[in-house]
Structure formats: structure tokens, C-alpha cells
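Computed from heavy atoms alone, side chains included, the values below leave out hydrogens, waters and symmetry copies.
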Protein chains: 2
Amino acid sequence: MARPLGFDPEEAKTALMNIFWARGYEATSMQDIEVATGLRKQSLYRLFGDKHSMYLAALRTYEDCVVAEAERILGQTPGSARARFAALLDWVIRSASDAGDVRGCFLANASAEASAADPETAEVLAIMSGRMASAFDGALSADARYRDDAGLRRARMRHLLAAYVGLRILVKGAFDEAAMREAADDLLLSI
Amino acid sequence: MARPLGFDPEEAKTALMNIFWARGYEATSMQDIEVATGLRKQSLYRLFGDKHSMYLAALRTYEDCVVAEAERILGQTPGSARARFAALLDWVIRSASDAGDVRGCFLANASAEASAADPETAEVLAIMSGRMASAFDGALSADARYRDDAGLRRARMRHLLAAYVGLRILVKGAFDEAAMREAADDLLLSI
DNA sequence: ATTATTATTTACCATACGGTCCGTAATATT
DNA sequence: AATATTACGGACCGTATGGTAAATAATAAT
């Protein structure tokens, strides 16, 4: 009878997400991963395969956790498109200021990190971007004028997505909370 | 009499900028830098000190080259604020599509790369962000309504800067040329 | 030709890196 | 207790990494 796992794989994935999100792929060593997960390399290799596969698992965990939360906010906030985006941006700003979380957005960070840009990573990133784009599209559709004009909706969705990604990069240093709120408020005027 | 340098330090800095911009700090090894610059490590260490100082030199070169070019475009394009931003965004989109340059923006990439986030790097990045923000502020001032309302100008500047940074991240994979143009056109409607 | 100074080339260094090997441990079943 | 199976811990691996040491080279001045 096989020895049971001494840890929860989901917790390992969450720890992987957190460390790779904070530090990026190249700057996170296996020793860092050991410390973050509380597991030894051999256990990690047994479960995930290699460092790169751990990275992909981290990205997928982010998708299931953070991208899904953004989708929930955009999809379930009652009212207008603007109200939905306001809720999303408020969530972004609050996590940076209240929780002191300046990791930005793992999707944006990973997109910026060229070294991890192999086809598999690119595919996971594309899926996540696609989900964000769809969620943005859906939130805009709360307003009749966007429902009735697919071209406008798509262009606005792209603009909003670019600004969202930019805000999540700038939260890491260039923009303080006040600047974030100012940018967000002006962005909401576009809707 | 000392032996003269066998290379041009400015060319070395440009080569450093290009390799670090393409690959980021952690994923660029000293061997990569040797290949990119055509110089041996000892020569590089003599001139720059250490790898991190080479990175700072690369960022400063980017500031003098690319940030300065964006400033020139925004400052010297005749006409309205919108025309100025249109020229800037066109330049961004054209470098991605015509020149196949998908490195994005070194400033944005460096901001996303947590490992290089020591105080010195943060300072260089802050200076560059500040220059971009000032250039955006100046370009908006081409229109009387922005000249006459500092609060509006500042909020719009922040929004535009976020969207610009986001576009430069998204150009690396999530947005093709058509998507870039669509997002840019919608962004220009905000001005 | 010699000299002093800096620059380049080559070899070398200690440590870090991602990954593998192998002995021991944990478990249910018999 | 013995067994088979998987899981974990610790040691080990070959290569990569950022950096240093030392010999040789380039140059103008004497």
C-alpha cells in the first residue's frame, strides 16, 4: 500500500502561485520554492515534474483564483457597466493599499517576462487574457449601448483591458493610491 | 601611456540596453552579455563594475534613447493633444508590427520584474516614469481645456499613462496589430 | 629599447542552479 | 511480521553563474 501524500497539492499550488507571482520565474530558485511550499525538491518534482511545470501550475492556479474572482466581480456586481468596472478597480486598488500587495498582476508580470515565453506559457497566458477580455466584454454588455454595438464594445473592451494591465504594472511603484484612484476614476469616464 | 579602449562605451551601452530589454535582468547571463556586446567579461567589469550596474546603464540608455524619443514625439507633433497622442501610439504600434519589435517597453518590463526592484533601479524607473508623465502632461496642455483645468489634466494623464503601459505589455502577445489599433483609437476618444 | 599605464585575454574561482539517485519511511493488506 | 507500493529526506550531480586573478598586449613618451 502506497504511502499517502504528506501535504495538500492544492496548498502547494497556492504557495507556488504566490512565490512565482512575487518574484517571477527566473528569480525564483528551487530553494526559494522549497521554503515557500515547505516541501523538499524531490516531493515537488514527483508532483509537478520540473520547475517550468511548477510555473505553469502556478499560472493556472492564478487563473482559477484571481482571474475567476475578477470575472465574479464583473459578472455579479449589479447595475451598469461603469458600476461593474468601478467594483473591479476598487478591488485592485484596495488589495494594493489595504493588504500592501504590490505584486501587481501575475498575468501582466508573466507577459512582461520574456524568458518564460515558451509556447506552453504563451498558451496559458492567452487563455487568461481571453477570459479577462470576455469578462470585460460581458460587463460592458450590462449597458444597452454596448450590447447594441459590437464594434464599440470590442474597442472599449480593449482600451479598458490595456488600462487595467497598465494600472496593475504601475501599482508596483510609479502610482501611489491617490494616483491609482485618479487614473481609475478617469478611466471610468470612458464607459 | 595607457592602452586605449578597443570599443566604444556608447555602443556597449546600447547593446546592453537591447539585451536586457529583450530578456530582462535575471534571464540575461554574463555570457549573453558577452555575446551581445562582443566584449569579454573583464572589459565589461572594468567599465561598468558589476552586472547590476550594467543593468542600470542599460535603463539609463533606454531613458536617453526611447523615453527621449517619446518626449520628442509628444512635444513636437503639431496640433492638438489628440494628434500628439495619436502620433505616439502610432509609433508604438508601428515598431511592433513593422519592425517586429515585441520587446514592449523596457520601463514597463523592468517595473514588472520584481527581482531588479532595489532602490537604485526603483529610482531610475521613477525618474523615467516621471519624464513620461511630464511629457503626457505637456502634450495634454496643447488643448486649452486641459491647460485651464489642472485636475482634469492630471487625471487624464494618469489614465493615458496606464493605458500606454498596458498597451506596451499587451503588444507582447495578447494583442495583434488590429487589436492594438482598436484599443489606441478608443483611447484617443478619451482626449 | 625601455617604461608606466591601462586594456584585453584567458584561466580560474566559489557558489548556485535545476535536477537525479538512493536509502528510509509510511501505509494497507496479508 | 512481511510485503509492495508510493512518498520523503538527504546526498549527490554536472553545469551555469557572477566575479577575480594573472599574464599578455597596446600605447605614448623617453
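Protein atom CZ of Phe48(A) is 11 Å distant from nucleotide atom P of dC8(D), rounded to whole Å. As a whole-Å value, the separation of Arg3(A) CZ from dA26(C) C1' is 5 Å. Nucleotide dG19(C) holds its P atom 12 Å from the CD atom of Glu34(A), rounded to whole Å. Distance Leu47(A) CG to dG9(D) P: 14 Å, rounded to the nearest Å. For Met30(B) and dA14(C), the CE to P distance is 20 Å, given to the nearest whole Å. Atom pair Leu5(B):CG and dA26(D):P shows a separation of 15 Å (rounding to whole Å applied). Following rounding to the nearest Å, Glu26(A) (CD) and dG18(D) (C1') show an atom-to-atom distance of 15 Å. The distance between atom OH of Tyr55(A) and atom C1' of dG19(C), rounded to the nearest whole Å, is 20 Å.
Applying the 4.0 Å criterion to OP1 and OP2 of dG18(D), one finds that Lys51(B) has a side-chain N or O inside that range. Taking side-chain N and O atoms only, Arg40(A) has a distance below 4.0 Å to OP1 or OP2 of dG10(D). Regarding contacts with the backbone of dA16(C), every side-chain N or O of Ser29(A) stays at 4.0 angstrom or more from both OP1 and OP2.
For Gln42(A) against dC21(C), a side-chain-to-base donor-acceptor contact under 3.5 Å is present.
Mapped onto DNA chain D by nearest heavy atom, Tyr45(B) and Pro4(B) fall at different nucleotides, with Tyr45(B) at the one closer to the 5' end. When the nearest nucleotides of DNA chain C are assigned to Asp32(A) and Lys41(B) by heavy-atom distance, the more 5′-ward of the two goes with Lys41(B). Comparing Ala2(B) and Met54(A) against DNA chain C, the residue whose closest nucleotide sits nearer the 5' end is Ala2(B).
Ring orientation note: the planes of Trp21(B) and Phe106(B) are close to parallel, at an angle under 30° on the 30°/60° scale. Using a 30° and 60° split on the angle between ring planes, Tyr55(A) and Tyr25(A) fall in the perpendicular class, above 60°.
Cation-pi contact between Arg158(B) and Phe175(A): present, with separation from the ring centre below 6.0 Å and deviation from the ring axis of at most 45°.
A salt bridge is defined here as a Lys NZ or Arg NE, NH1 or NH2 lying under 4.0 Å from an Asp or Glu carboxylate O, and Arg131(B) with Glu63(B) meets this definition.
Open room surrounds CD on Glu123(B); 12 or fewer heavy atoms of other groups in view lie less than 6.0 Å from it.
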